[in-house]
Protein chains: 2
Amino acid sequence: MKRIADSTVRRLSIYLRFLEDFEKRGIATISSDELAARGGTTSAQVRKDLSFFGSFGKRGLGYSVAELSARLRQILGLEREWQVVIIGAGKIGAALAQYHGFAQRGFRIVAVYDSDPAKVGRSVDGLVIRSLDSLPEEAKRHPPDIAVLAVPATAAQEVADMVVKSGIRAILNFAPQQLQVPETVAVKAVNMAMELEGLSFALTNG
Amino acid sequence: MKRIADSTVRRLSIYLRFLEDFEKRGIATISSDELAARGGTTSAQVRKDLSFFGSFGKRGLGYSVAELSARLRQILGLEREWQVVIIGAGKIGAALAQYHGFAQRGFRIVAVYDSDPAKVGRSVDGLVIRSLDSLPEEAKRHPPDIAVLAVPATAAQEVADMVVKSGIRAILNFAPQQLQVPETVAVKAVNMAMELEGLSFALTNG
DNA sequence: ACATGTGAACTGCTTCACAGCG
DNA sequence: CGCTGTGAAGCAGTTCACATGT
């Protein structure tokens with residue numbers, strides 16, 4: 001398959017969210033124009049994005065909401081459940097562990113790790129915090145799919161190395177730190193500081 | 001000034017973080033090559049990014065760490081303090097209010113709002129949670145610069161409209177919902193669900 | 001000699017515009 | 001006729017390569 005742009009995948013997520021909304025409201029059909037208006041893009045963009053994966057629409061009519069959302073879930077890999085571990089049980093990590101929005105979309109939090117012995121053994125939202133040292137061994141028995149890094153920036157690279165060595169192939173990084181990983185490992189970063197600085201720039205040079 | 005690409009601004013943030021690191025370690029000079037290696041980009045990219053704002057380097061030598069970081073702080077608008085309000089005192093909002101990493105970079109959280117009467121009056125990290133209804137009026141007296149939206153997706157657009165009407169010109173949106181705002185308002189989104197779906201896609205089609 | 005700064009070439013995403021089909 | 005699907009055109013961001021300055 002031709003390589004798909006990041007921006008395209010992000011938009012597919014957005015489309016899917018709208019489609020699920022429409023599905024709930026019992027709307028059967030939607031046009032690329034309607035999808036575009038809600039997603040802040042253009043109808044041509046919507047059609048182009050979808051065209052990478054096939055032709056799902058009916059000319060003169062639009063897309064079947066049920067069919068298109070099913071195809072998008074399939075494309076995005078949301079038909080299966082993903083095993084997620086959270087690393088770092090501080091403020092952010094704990095908030096994430098308690099955020100049930102993940103589970104709704106098939107991202108199941110199966111464990112929380114921390115390197116602080118004072119935290120190990122406590123519970124967050126029904127999950128006992130485990131020692132980070134035990135990750136490699138436990139990952140061998142029950143390989144997680146995704147590691148969420150909610151650790152201080154100074155520890156992030158070291159933890160990432162450990163995660164990679166444990167065989168985990170996807171990382172969602174909340175630490176304000178650029179990670180170096182093999183290119184077989186997928187990394188997405190959520191960097192609040194960077195976004196705030198983007199706003200600061202916009203306000204300053206707007 | 002020529003319009004600056006989002007990607008450029010994001011990289012400036014990254015460079016600044018490294019420069020501050022180098023500053024602490026007492027390193028006086030740095031080349032575009034070193035900056036690039038750490039930031040996962042190329043030296044040409046670094047030089048191009050900086051060239052939009054001037055010529056800060058010395059040929060044959062590199063950049064003065066102190067000088068360049070000062071210029072970047074200036075460019076990014078980090079020389080002043082920004083007044084931030086958090087809207088939504090749920091799990092995410094509370095975690096953000098307690099996250100002191102913001103303050104370090106000049107983003108001062110001045111208020112937390114929630115529409116739930118059961119939460120209003122309680123405290124998060126020393127800040128009393130206020131009624132969302134009081135935002136427009138309070139914003140008139142002490143205009144905040146940035147609103148952080150940590151509300152459910154269903155409420156996000158409505159809250160965004162209120163924020164815009166209150167005169168706030170920058171929004172950091174944590175709700176998994178595309179916001180429609182006037183183009184005079186800057187919006188950055190932090191969408192964990194979307195990032196996870198990006199990882200799901202990468203794992204599925206990798 | 002070395003590293004910057006930058007026009008030019010390139011790559012790839014977005015937009016256009018229209019043929020194709022229901 | 002209306003809306004999709006898609007080559008072609010346009011545009012923006014990245015990379016190249018070298019002249020320039022120290």
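Every chain is numbered from 1 and lettered A, B, ... according to where its sequence line falls, protein lines coming before strand lines.
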**Student:** Looking only at side-chain N and O atoms, does A:Ser7 come under 4.0 Å of OP1 or OP2 in C:dT14?
**Tutor:** yes

**Student:** Would you tell me if any nitrogen or oxygen in the side chain of B:Ser32 comes within less than 4.0 Å of OP1 or OP2 on C:dT4?
**Tutor:** yes

**Student:** Apply salt bridge (Lys or Arg N to Asp or Glu O under 4.0 Å) to the pair B:Asp161 and B:Lys165, showing each step before the final yes or no.
**Tutor:** CA-CA 6 Å; B:Asp161 292 343; B:Lys165 267 198 201 117; over 6 Å; no

**Student:** For B:Lys48 and C:dC10, give me the distance from atom NZ to atom P, rounded to whole Å.
**Tutor:** 15 Å

**Student:** Round to a whole Å and report the spacing from CG of B:Asp33 to P of C:dT4.
**Tutor:** 7 Å

**Student:** For A:Glu195 and A:Asn191, test the side chains for any donor-to-acceptor distance below 3.5 angstrom and give the result as yes or no.
**Tutor:** no

**Student:** It should be established whether B:Ser55 places a side-chain nitrogen or oxygen under 4.0 Å from OP1 or OP2 of nucleotide C:dT4.
**Tutor:** no

**Student:** Give A:Ser43 one of three labels, base, sugar-phosphate or nothing, depending on what nucleic acid heavy atoms sit under 4.0 Å from its own.
**Tutor:** nothing

**Student:** Round to a whole Å and report the spacing from OH of B:Tyr63 to C1' of C:dC2.
**Tutor:** 13 Å

**Student:** Between P on C:dT11 and CG on A:Asp6, what's the gap in Å once rounded to a whole number?
**Tutor:** 20 Å

**Student:** Kindly point out which of C:dA17, C:dT6, C:dG5 is positioned nearest to the side chain of A:Ala44?
**Tutor:** C:dA17

**Student:** Quick one: does B:Ser200's side chain have a donor or acceptor within less than 3.5 Å of a partner on A:Gly77's backbone?
**Tutor:** yes

**Student:** Suppose we screen for salt bridge (charged side-chain N to carboxylate O under 4.0 Å, His left out). Which residues come up paired with A:Glu20, at least two apart in sequence or across chains?
**Tutor:** A:Arg73, A:Arg105

**Student:** For C:dT4, take OP1 and OP2 only and decide whether either is under 4.0 Å from a side-chain N or O of B:Arg47.
**Tutor:** yes

**Student:** Judged by atom type as modelled, is there a donor-acceptor pair below 3.5 Å linking the side chain of B:Asp114 to the main-chain atoms of B:Lys119?
**Tutor:** no

**Student:** Within the 3.5 Å criterion, strictly below it, is a donor on B:Ser31 or B:Glu34 matched to an acceptor on the partner's side chain?
**Tutor:** yes

**Student:** Measure CZ/B:Arg71 against P/C:dG5 and give the value in whole Å, please.
**Tutor:** 12 Å

**Student:** Measure from NZ on B:Lys58 to P on C:dT4 and round the result to the nearest Å.
**Tutor:** 12 Å

**Student:** Could you tell me from which nucleotide to which nucleotide of DNA chain D, 5' to 3', there is an atom under 4.0 Å from chain A heavy atoms?
**Tutor:** D:dG2 to D:dA8

